[in-house]
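Atoms within a ligand are numbered from 1 in the order they appear, just like the ligands themselves.
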Amino acid sequence: MTNSSDLALQRPRSLKQRMGRLFGQWGVFFRGFLEHPKMVGSIIPSSRFTIEKMLAPVDWKNCQLFVEYGPGVGTFCFPVLERLPRDGALVVIDTNPLYIDYLRKTISDSRFHAVHGSAADVGEIVAALGFEQADYVLSGLPFSTLPDGVGPAIAEATHEVLRPGGAFLVYQFSARARDFMAKHFARIDQGFELLNVLPCKLFWGWKDKAA
Ligand SMILES: C[S@@+](CC[C@H](N)C(=O)[O-])C[C@H]1O[C@@H](n2cnc3c(N)ncnc32)[C@H](O)[C@@H]1O
């Protein structure tokens with residue numbers, strides 16, 4: 001199931017390469033924040049502790065389509081691609097063209113699709129790529145600072161695109177996202193990650209299997 005050898009996103013090997021990639025990524029991320037502070041909502045990417053905890057409940061064997069909203073510079077993309085089955089797909093959607101350009105240049109895995117657009121249009125975006133439904137949707141969106149109406153629209157579109165039994169995985173500094181999720185997801189599990197700048201709340205909203 002692990003496809004690390006297939007990944008065209010090259011893992012940097014030496015310390016110098018690793019530091020170069022980290023500061024390159026952080027530089028691009030910070031530039032995006034300076035240009036659109038409310039849309040980005042954070043000055044540095046999520047920690048590896050957040051990534052591990054957030055992805056832990058995913059049933060990777062039964063994941064054909066994983067969607068991510070607001071990938072930024074791809075903090076979650078590599079861990080998701082490592083876990084995703086060989087015939088699976090990862091679709092990432094971001095409103096910031098700087099991030100989408102960066103991701104297209106740095107990740108050339110055939111399972112990876114980077115789309116410039118809004119998470120609110122997830123249904124149309126996945127349909128245009130030939131998919132019917134998503135197994136999991138991950139969100140790093142700053143729900144508290146999104147324009148009015150965008151949060152509720154995204155929660156509704158996400159519930160619609162998920163298969164029954166699939167889940168909406170959300171991490172955020174505040175619990176605002178939960179308010180939007182609660183209207184559609186009857187079961188929402190919660191967690192917390194202290195080792196993140198800033199510490200963040202984690203939510204897993206499960207779509208009813210009978211839906
Ligand atoms: C806090 S950053 C998350 C970065 C990354 N996922 C991480 O964990 O390090 C939020 C991201 O959401 C994107 N964004 C904001 N509104 C969006 C929307 N409506 N649809 C898709 N992406 C959006 C921003 O451009 C930014 O990349």
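No donor-acceptor pair closer than 3.5 Å links the side chain of N196 to the backbone N or O of S46.
Under 4.0 Å from ligand 1, heavy atoms of D94 appear from its side chain as well as its backbone. By the criterion of a heavy-atom distance under 4.0 Å, the side chain of L146, and not its backbone, is placed next to ligand 1.
The number of heavy-atom neighbours closer than 6.0 Å to CD of E35, taken from other residues, nucleotides and ligands shown, is above 12.
Around atom 5 (C) of ligand 1, the closest heavy atom drawn from P71, G140, S118, P97 belongs to P71.
Taking each heavy atom of P79 and L55 in turn, the nearest pair found is CB-CD1, 4.1 Å. Across R176 and S144, no two heavy atoms sit closer than the pair CB-OG, 3.7 Å.
Within the 4.5 Å cutoff, the side chain of V92 has no heavy atoms near those of the Y99 side chain.
Using a cut-off of 4.0 Å between Lys/Arg side-chain N and Asp/Glu carboxylate O, R187 and D189 are scored as salt-bridged. Salt bridge absent: E52 and R48 never bring a charged side-chain N and a carboxylate O closer than 4.0 Å.
Distances below 4.0 Å separate heavy atoms of Y171 from the following atoms of ligand 1: 5 (C), 6 (N), 7 (C), 8 (O). Atoms of ligand 1 lying under 4.0 Å from at least one heavy atom of E68, given by number and element, are 6 (N). Atoms of ligand 1 lying under 4.0 Å from at least one heavy atom of G72, given by number and element, are 27 (O). In the vicinity of P45, heavy-atom distances shorter than 4.0 Å reach the ligand 1 atoms 9 (O). Residue N96 has at least one heavy-atom neighbour below 4.0 Å for each of these atoms of ligand 1: 25 (O). Of all the atoms in ligand 1, the ones that sit under 4.0 Å from a non-hydrogen atom of I93 are 21 (C), 22 (N). Short contacts between ligand 1 and G70, defined as distances under 4.0 Å to a heavy atom of the residue, involve ligand atoms 3 (C), 4 (C), 5 (C), 6 (N), 11 (C), 12 (O), 13 (C), 22 (N).
Within the structure, every pair that satisfies the ring-ring contact (aromatic ring centres under 6.0 Å, His included) test and touches residues 133-152, not counting sequence neighbours, is listed here: F143-F180.
Using 4.0 Å as the threshold, Y69 has no heavy atom nearer than that to any atom of ligand 1.
Less than 6.0 angstrom separates the ring centroid of F185 from the ring centroid of H159.
Checked by distance only, ligand 1 and L141 stay at 3.5 Å or farther apart across all their nitrogen or oxygen atoms. Where the criterion is an N or O separation shorter than 3.5 Å, residue side chain and backbone included, S46 meets it with respect to ligand 1.
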